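Here the structure comes first, spelled out in structure tokens, and everything after it is commentary.
These numbers come from a predicted model, not from an experiment. Start at 1 with the first residue, then count along the sequence.
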Amino acid sequence: MTARPTPAHSAGSPAGSPSPAPDAAGTAAASPSGSPASRPTPPGTSPGTAPAPGTADGGAAGRPGHTAAPRPASGGAATTGGNTAGPTFAARPSGLRDPAAAPGRTGGPAGPSRTEQPKGSHGVRAAAPLSDEDRGRLLGGAHHDPHGLLGAHPVRGGLLLRVLRPYAKGVTVLAKGLRADLPAEGDGLFAGVLPLRTVPDYELLVDYGDHTVTVRDPYRFLPALGELDLHLFGEGRHEQLWQALGARIMEHQGVTGTRFTVWAPNAQGVRVVGDFNYWDGTGFPMRSLGSSGVWELFLPGLGEGELYKFEITRPDGSRTVRADPMARRTECPPATASVVEASHYHWNDADWMARRGARPVHEAPFSVYEVHLPSWRPGLSYRQLAAQLPGYVKDLGFTHVEFMPVSEHPFGGSWGYQVTGFYAPTARMGTPDDFRFLIDALHRAGIGVLMDWVPAHFPRDDWALAEFDGRPLYEPQDPARAAHPDWGTLEFDYGRTEVRNFLVANAVYWCEQFHIDGLRVDAVASMLYLDYSREDGGWTPNEHGGRENLDAVAFLQEMNATVYRRCPGVVTIAEESTAWDGVTRATHHAGPDGFGGLGFGLKWNMGWMHDSLGYVSKDPVHRKYHHGEMTFSMIYAYSENYVLPISHDEVVHGKRALVSKMPGDWWQQRAGHRAYLGFMWAHPGKQLLFMGQEFAQGAEWAESHGPDWWLLDSSYEAEPDHRGVRDLVRELNRHYAATPALWERDTDPAGFSWIDGEASEDNVFPFLRFAAWGDRPGHFLRFAAWGDRPGHSGPGGGSPLISVTNFSPVVRRAYRLGVPDQLPAWREVLNTDDPRYGGSGVGNPGVLKAEPTPWNGRSTSLALVLPPLATLWLRPS
């Protein structure tokens with residue numbers, strides 16, 4: 001991956017819009033942003049009143065932890081340990097919209113108000129006060145066990161019940177046959193000893209003066225996360241981690257609500273904040289689940305669509321407010337809150353899922369159209385894309401699409417490669433279920449879906465993963481080791497068990513929950529080498545004195561092994577730009593360097609891409625001096641399972657679009673473009689083409705507007721030129737899919753033979769491709785049986801293919817090539833110089849008979865006419 005635009009702070013914009021004030025019933029509608037602009041002043045206070053002692057910062061105009069512009073407020077300014085929290089409001093009633101409020105009961109039950117109930121009703125007596133230490137830690141958000149202080153607990157002489165409801169005037173306990181007021185202890189604490197021996201099924205009636213709410217007590221529930229989940233996470237083997245961490249709607253102890261869990265082992269305390277408590281977590285502290293470092297809180301009655309974050313008290317006592325690393329849905333950037341999500345999607349791609357792994361990918365047709373979804377058709381949602389993209393891709397004959405990263409990212413200019421929401425598809429185009437709808441539509445059209453996945457680094461935004469709980473957590477402890485030298489980001493600590501689990505489970509998540517058919521892993525080289533982009537002295541060797549990042553190697557091996565075991569038919573693809581040995585070798589097969597293979601299914605052939613693009617950018621008169629750049633790829637073509645990529649990285653940052661790389665006038669540029677595509681589709685390896693290059697877009701790609709579709713408008717004078725190139729791409733894919741010789745032996749040296757690899761003076765590249773069931777190249781003793789293999793019947797099925805490319809702008813007549821001696825006749829099946837594609841029409845019509853003229857080491861040969869700047873494909877007639 002090349003350097004991509006990086007902002008100083010990738011969030012960079014104000015948080016969302018204000019929350020509405022509570023309605024007359026005491027509930028507040030959920031705001032689209034989750035950030036209150038103004039809130040009602042609680043009864044008994046006036047504007048400017050300081051927050052109650054022991055409460056949090058009093059609230060912020062923008063969502064805490066956001067980089068937001070200050071807004072007018074009724075309170076003073078506050079900070080949270082270096083994170084700008086914005087202006088402070090006056091004390092506000094966090095219980096006005098209580099997460100546990102039962103529908104239809106927000107006004108409380110009929111009956112006398114708290115002021116009409118005598119204190120100590122039903123024999124309630126005052127409870128022993130909390131110690132100063134416990135009280136201070138609880139109210140300050142730094143207590144590891146709030147459930148030990150809050151909720152109901154048997155004590156001598158009854159049942160102690162303590163409630164923390166900031167800004168409440170009173171709290172009444174409601175149970176069958178019981179209505180009891182709890183004495184106030186100050187700072188929103190209410191407690192009393194009830195004359196009960198067991199804990200009843202109780203609710204709380206919380207009085208805010210001008211209204212009441214009836215809620216369930218979150219602190220009456222046992223932990224909603226099991227010991228097995230914690231054990232697996234601690235060992236780094238929780239392969240469905242998204243079911244254990246994050247926000248999960250569930251039924252717990254007979255009550256429906258949302259369980260919040262987060263890994264923050266360095267935190268003194270963690271609280272849940274969101275629209276449901278006006279972003280004041282004072283009344284919602286989470287409990288620590290021991291040495292696991294996981295914090296948990298079950299909020300009854302809280303459901304889908306709620307906005308939330310975690311307020312973390314750091315080891316130094318300061319606070320930071322963070323988005324959920326495991327959030328499965330997020331707000332639309334630039335807003336940054338996490339969203340409680342539950343999928344309701346019903347898949348319709350069972351046939352696709354059942355057959356997608358029937359043939360190993362390296363022995364199957366694999367032609368990829370790379371897409372940046374937000375800019376392919378700017379402004380379209382996932383569901384609107386589903387109405388257009390599958391049909392377009394199917395018409396062009398591509399077998400797969402590859403999405404540039406869809407995981408949530410705050411800065412669009414990063415193209416998705418600086419991820420903050422690893423478990424959430426970007427909200428820019430819709431919901432997670434909308435994204436599922438798009439994938440389903442592609443599958444039903446017979447198109448596989450690959451996705452760029454970025455486990456190499458993450459941005460430094462102070463509301464995301466960087467120093468998540470006050471210390472390096474997802475990144476290495478050493479700042480020099482953590483800093484990615486190229487992109488201003490942070491690298492992951494692959495040696496930390498929980499971090500490795502976070503990433504391995506993330507790979508599985510996209511494949512299992514979104515039916516993704518393949519993961520193209522970005523920037524693998526930057527993960528593998530400790531000295532990647534670092535100067536001498538700027539890195540520390542591994543335990544063996546080498547430059548290999550052994551933790552990253554182990555992580556990639558584990559990720560690949562896990563994905564292939566759990567998700568049959570899925571392929572992983574490495575963007576790896578070095579000669580690392582065994583990228584696509586099995587993890588249990590050690591190479592000469594002693595390492596097992598990394599276990600990828602395919603690898604981008606960056607060497608072929610660089611060399612071939614360098615060659616075609618030269619003027620034809622100079623190309624003969626660079627002939628070896630085009631033939632060199634065949635020296636290592638079978639060292640890995642390769643993809644030939646002409647990706648987004650090659651058509652940005654001054655590199656020019658593919659057609660614009662070609663020298664000469666407009667006709668020569670288009671001809672060179674077409675000839676190159678023909679050469680690429682016939683070369684061993686799979687193909688990948690970035691959007692816009694299929695119709696010879698002349699301008700570089702920009703994420704702000706996407707492909708120049710207007711070039712295909714019939715009113716545009718040069719429209720036939722561009723449409724002709726797109727028609728060629730369609731024909732290349734059609735012939736490719738129907739010709740096993742072009743893909744069955746992509747990873748087998750017996751599938752390829754140069755006819756003449758040294759025609760440098762002519763700028764000509766002729767070679768043969770063979771299908772899997774022929775004999776040795778050039779010796780087809782059983783050619784009469786071709787076409788009999790099941791699934792490959794029909795004329796010429798299983799037969800070889802000749803590809804010959806003339807990269808000079810002159811016609812070469814009677815150009816002789818040696819051909820297999822047992823094949824008497826050939827025919828031209830594709831010619832990139834065809835007038836249909838914008839060519840000059842030079843070619844070889846009819847049947848071409850082999851002549852008994854020895855040439856190129858073979859006993860028979862053909863005399864061909866080679867069009868200028870063109871590729872020909874020939875098959876036995």
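Taking the six-membered ring wherever Trp is involved, the centroid distance between the rings of Tyr529 and Trp539 does not fall below 6.0 Å. Between Phe422 and Phe492, the distance from one ring center to the other falls under 6.0 angstrom.
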Checking ring-ring contact (aromatic ring centres under 6.0 Å, His included) for the pair Tyr392/Trp376: CA distance, chi angles, key distance, verdict?
CA-CA 11 Å; Tyr392 183 81; Trp376 185 74; 5.6 Å; yes

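The backbone N or O of Val272 lies less than 3.5 Å from a partner atom in the side chain of Asn277, making a donor-acceptor pair. Lys661 places a side-chain N or O within donor-acceptor distance of the main-chain N or O of Lys655, the cut-off being under 3.5 Å. A distance-only check finds a donor-acceptor pair linking the side chain of Glu475 to the backbone of Glu467 [under 3.5 Å]. Side-chain atoms of Arg500 come within 3.5 Å of backbone N or O of Tyr494 as a donor-acceptor pair. Judged by distance alone, with hydrogens and angles left aside, the side-chain atoms of Thr261 form a donor-acceptor pair with the main-chain N or O of Gly246 at under 3.5 Å. Panel note: side chain His409, backbone Ser407; a donor-acceptor pair is recorded below 3.5 Å. The backbone N or O of Leu241 lies less than 3.5 Å from no partner atom in the side chain of Gln243, so there is not a single donor-acceptor pair. Although no hydrogens or angles enter the test, the distance criterion places a donor-acceptor pair under 3.5 Å between the side chain of Gln477 and the main chain of Pro472. Looking at Thr258, its side chain does come within 3.5 Å of a backbone N or O of Leu302 through a donor-acceptor pair. No donor-acceptor pair closer than 3.5 Å links the side chain of Asn549 to the backbone N or O of Leu530.
Remark: Ser533 pairs with Asp486 by the side-chain hydrogen bond (donor to acceptor under 3.5 Å, both in side chains) rule, at least two apart or across chains. In this structure Glu402 satisfies the side-chain hydrogen bond (donor to acceptor under 3.5 Å, both in side chains) test with no other residue, sequence neighbours excluded. Listed by chain and residue number, nothing satisfies the side-chain hydrogen bond (donor to acceptor under 3.5 Å, both in side chains) test with Arg329 (two or more places apart in sequence, or in another chain). In this view, Ser375 and His372, Trp701 satisfy the side-chain hydrogen bond (donor to acceptor under 3.5 Å, both in side chains) rule, not counting sequence neighbours. For Asp324, there are no salt bridge (Lys or Arg N to Asp or Glu O under 4.0 Å) partners, not counting sequence neighbours.
Residues Asp469 and Trp263 bring no donor and acceptor atom of their side chains to less than 3.5 Å of each other. Side-chain contact of Glu512 with Gln240: a donor-acceptor pair under 3.5 Å is present, judged by distance alone. Of the N and O atoms on the side chains of Glu304 and His344, at least one donor lies less than 3.5 Å from an acceptor on the other residue. Between the side chains of Thr330 and Glu408, a donor-acceptor pair is found at a separation under 3.5 Å. There is a side-chain donor-acceptor pair under 3.5 Å between Asp316 and Ser318. With hydrogens and angles left out, the side-chain atoms of Tyr345 and Asp440 include a donor and acceptor closer than 3.5 Å. A side-chain donor from one of Thr426 and Arg428 sits under 3.5 Å from a side-chain acceptor of the other.
With a 4.5 Å cut-off on side-chain heavy atoms, Val294 and Leu245 count as touching. In this structure the side chain of Ile646 never reaches within 4.5 angstrom of the side chain of Leu688, judged on heavy atoms. Looking at heavy atoms from C-beta onward, Leu519 lies out of side-chain contact with Ile573 at the 4.5 angstrom threshold. Side-chain contact check for Glu694 versus Tyr369: some heavy-atom pair is nearer than 4.5 Å. Side-chain contact between Trp453 and Asn506 is present, with at least one heavy-atom pair separated by less than 4.5 Å. Inter-residue side-chain proximity for Val368 and Val643 is flagged as unmet; no heavy-atom pair is nearer than 4.5 Å. Looking at Val270 and Thr313, their side chains never come closer than 4.5 Å, going by heavy atoms from C-beta outward. Side-chain contact between Asp517 and Val570 is absent, with no heavy atoms from C-beta onward closer than 4.5 Å.
Summarising the geometry of Ala525 relative to Thr578, their closest heavy-atom pair is CB-CG2, 4.0 Å, with the distance given to 0.1 Å. Arg328 and Pro425 get closest at one heavy-atom pair: O-CD, 4.1 Å. What you find for Pro405 and Tyr417 is that their closest heavy atoms are CD-CZ, 3.3 Å. The shortest heavy-atom contact between Gly698 and Val659 is CA-CG1, 3.8 Å.
Rounded to the nearest 0.5 angstrom, Met559 CE and Leu556 CG are separated by 5.5 Å. Taken from CG in Leu297 to CZ in Arg259, the straight-line distance is 11.5 Å, to the nearest 0.5 Å. Rounded to the nearest 0.5 Å, atoms CZ (Arg314) and CZ (Arg319) are 11.0 Å apart. Separating the OG1 atom in Thr572 from the CG atom in Leu598 is a distance of 9.5 Å, to the nearest 0.5 Å. Considering CG of Leu465 and NE2 of His457, their distance stands at 12.5 Å, rounded to 0.5 Å.
With salt bridges taken as basic N to acidic carboxylate O contacts below 4.0 Å, none links Arg460 and Glu491. By the 4.0 Å N-to-carboxylate-O rule, Arg656 lies too far from Glu700 to be salt-bridged with it.
Geometrically, Arg271 does not engage Phe284 in a cation-pi contact defined by less than 6.0 Å to the ring centre and at most 45° from the axis. In this structure, Arg436 forms a cation-pi arrangement with Phe514, its terminal cationic atom sitting closer than 6.0 Å to the ring centre and no more than 45° off the ring axis. Geometrically, Arg520 engages Trp604 in a cation-pi contact defined by less than 6.0 Å to the ring centre and at most 45° from the axis.
Trp242 and Tyr423 have tilted rings, their planes meeting at an angle from 30° to 60° on a 0 to 90° scale. In this structure, Phe276 and Phe260 have tilted ring planes: the angle between them lies in the 30° to 60° band. A parallel orientation is assigned to the rings of His653 and Trp415, their planes being inclined by less than 30° (bins at 30° and 60°).
Within the structure, the salt bridge (charged side-chain N to carboxylate O under 4.0 Å, His left out) test picks out no pair touching residues 502-511 (sequence neighbours left out).
Taking a 6.0 Å sphere around NE2 of His610, one finds it holds 12 or fewer heavy atoms contributed by other residues, nucleotides or ligands.
Considering Phe411, Trp463, Phe458 in turn, Trp463 is the only one that fulfils the side-chain contact (heavy atoms from CB on, under 4.5 Å) rule with Thr420.
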